[in-house]
There are 2 protein chains.
Amino acid sequence: MENKNTYHHGNLKNALISAGVEILAREGVGALSLRKVAKKVGVSHSAPYAHFKDKQALIAAISIEGFKKLLAELQNTFEKYRANPDRLLLETAWVYFEFALQEKDTFKVMFSGILEKEKNYPDLVDVVQQTFQMVVNVVSICQLNGILRAADADLTSVVVWSQIHGLISLYLEGQISHTILDNYELRKILLYALNQFTLVPIQ
Amino acid sequence: MENKNTYHHGNLKNALISAGVEILAREGVGALSLRKVAKKVGVSHSAPYAHFKDKQALIAAISIEGFKKLLAELQNTFEKYRANPDRLLLETAWVYFEFALQEKDTFKVMFSGILEKEKNYPDLVDVVQQTFQMVVNVVSICQLNGILRAADADLTSVVVWSQIHGLISLYLEGQISHTILDNYELRKILLYALNQFTLVPIQ
DNA sequence: ATATAATCTAGACAGTGTCAAGATAGAAAA
DNA sequence: TTTTCTATCTTGACACTGTCTAGATTATAT
């Protein structure tokens, strides 16, 4: 995947992260091991320790990568729909859904509490905070345009985010019964959920 | 924990499940291993294989135990508040929160997608279905009493459940920023969330 | 150029899930 | 009761895991 001729890889840290993301996509979170990541990059099994304190640190880096990608897509959507606040909310939520569906196992890693709370990864906290800020931005615009109630934007954002996150999480875990999924497609369910929050019906 | 004198344990299957639950509570999901569970019960490292096909099967059994406990508490709450539908919704959600907070890692195991969807555990599907049915019951009563809109009870239940589940999940993962948690306690946030759904404000 | 630091390898260790072969004991059949 | 069968449990092995140490290699700074 990278230049492997030299003793020093040159870009090992990023190569390890990419390899980890690929393994997540191809084989799932259960197959993610430091040794496999190292082998995939063509480096010895303990080479990663020059760049990551432990496995958790690699997972944190992968999470950061995931959040950055999600954040970028949220920003795109924001620019695209900021003039149409009624669609902005739905499309923002939908981007979240699409990310979770496409990067199923990366999403799982990002939110499944593998990382212990004790250790704090400042860069991760940063990008999570930025991602949440995007939700706040969307909520704020919707409030200004009479689509959402004018309550505390932070509080509303947390609740809206939870709604979206809970829905896609339960869906990914297969917890939403098929009898419901047969009657309503995912986007319809999302729409119904978001319409609980809106002052004006959106579609 | 059980009679350990005889060669045959007598109640090994249940003992293994209990030991697993204890390890989850004491050391967290990262420390849950078949060998540790076996040692805790005082049995050889491969004795569990007489009762569980593999580690996933033990985890499924632990999940079932968790859902049964959650279900029992939901049923208690239902009986307690069925005459007060305005509190029923809140207290049902709160029981869900309390379970997740008390049995943090069991909750994580129940919902963190460790179990592969391919393998299906009928008993697990059963108890999950029963748990969801409790939500439907609560939602139905609330609809009959004009607390919730009279829409499809299944659809509304999925969305309400997602809201509750998303909120406590993000909280447990530490994703809800401290600036918000400093301003609002968890129950207030939950209340605000549920009031998005209700026709009449609840408190 | 030389010293220092960053990067990578090789080997080891304890712990893991899982399988195969065999020991033990309770249950069923004779 | 004795015999057979089957469920249960032990022992030993295997490949794989995360992590540590010691040392080799290369880049960087003095």
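Here is how names work: the chains are called A, B, and so on, in the same order as the sequence lines, proteins then strands, and each is numbered from 1. Keep in mind that this is a model prediction, so the values were computed, not measured.
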Of the nucleotides [options], which has the atom closest to the [X] side chain?
X: B:Leu34; options: C:dT18, D:dT10, D:dG18; result: C:dT18
X: B:His45; options: D:dC20, C:dT18, C:dT9; result: C:dT18
X: A:Ser46; options: D:dT10, D:dC20, D:dG12; result: D:dC20
X: B:Val43; options: D:dT10, C:dC8, C:dT18; result: D:dT10
X: B:Lys55; options: D:dC20, C:dT18, D:dT11; result: C:dT18

Euclidean distance, atom [atom1] of residue [X] to atom [atom2] of [N] [Å, nearest integer]:
X: A:Leu12; N: D:dT25; atom1: CG; atom2: P; answer: 18 Å
X: B:Phe52; N: D:dC9; atom1: CZ; atom2: P; answer: 11 Å
X: A:Tyr49; N: C:dG11; atom1: OH; atom2: P; answer: 18 Å
X: A:Asn11; N: D:dA27; atom1: CG; atom2: P; answer: 15 Å
X: B:Leu58; N: C:dG17; atom1: CG; atom2: P; answer: 10 Å

message: Heavy-atom nearest nucleotide on DNA chain C for A:Ala50 versus A:Arg35: which residue maps closer to 5'?
response: A:Ala50
query: If you pin A:Lys13 and B:Asp54 to their nearest nucleotides in DNA chain C, which one's is more 5'?
result: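 Looking at DNA chain C, the more 5' nearest nucleotide goes with A:Lys13.
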task: Determine: side-chain N/O of A:His51 to OP1/OP2 of C:dC8, distance under 4.0 Å, yes or no.
output: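 Result: yes.
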field: Student check: side-chain heavy atoms of B:Trp161 and B:Val139 closer than 4.5 Å
entry: no
Are [X] and [Y] linked by a side-chain donor-acceptor pair shorter than 3.5 Å?
X: A:Thr179; Y: A:Asp182; result: no
X: A:Tyr184; Y: B:Asp152; result: yes
X: A:Gln130; Y: A:Asp126; result: no

message: If you assign each of A:Lys53 and A:Ser33 to its closest nucleotide in DNA chain D, which residue comes earlier from the 5' end?
response: A:Ser33
- prompt: Salt bridge between A:Arg82 and A:Glu91, side-chain N to carboxylate O under 4.0 Å?
  reply: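 Judged by the 4.0 Å cut-off on N to carboxylate O distance, A:Arg82 and A:Glu91 do not form a salt bridge.
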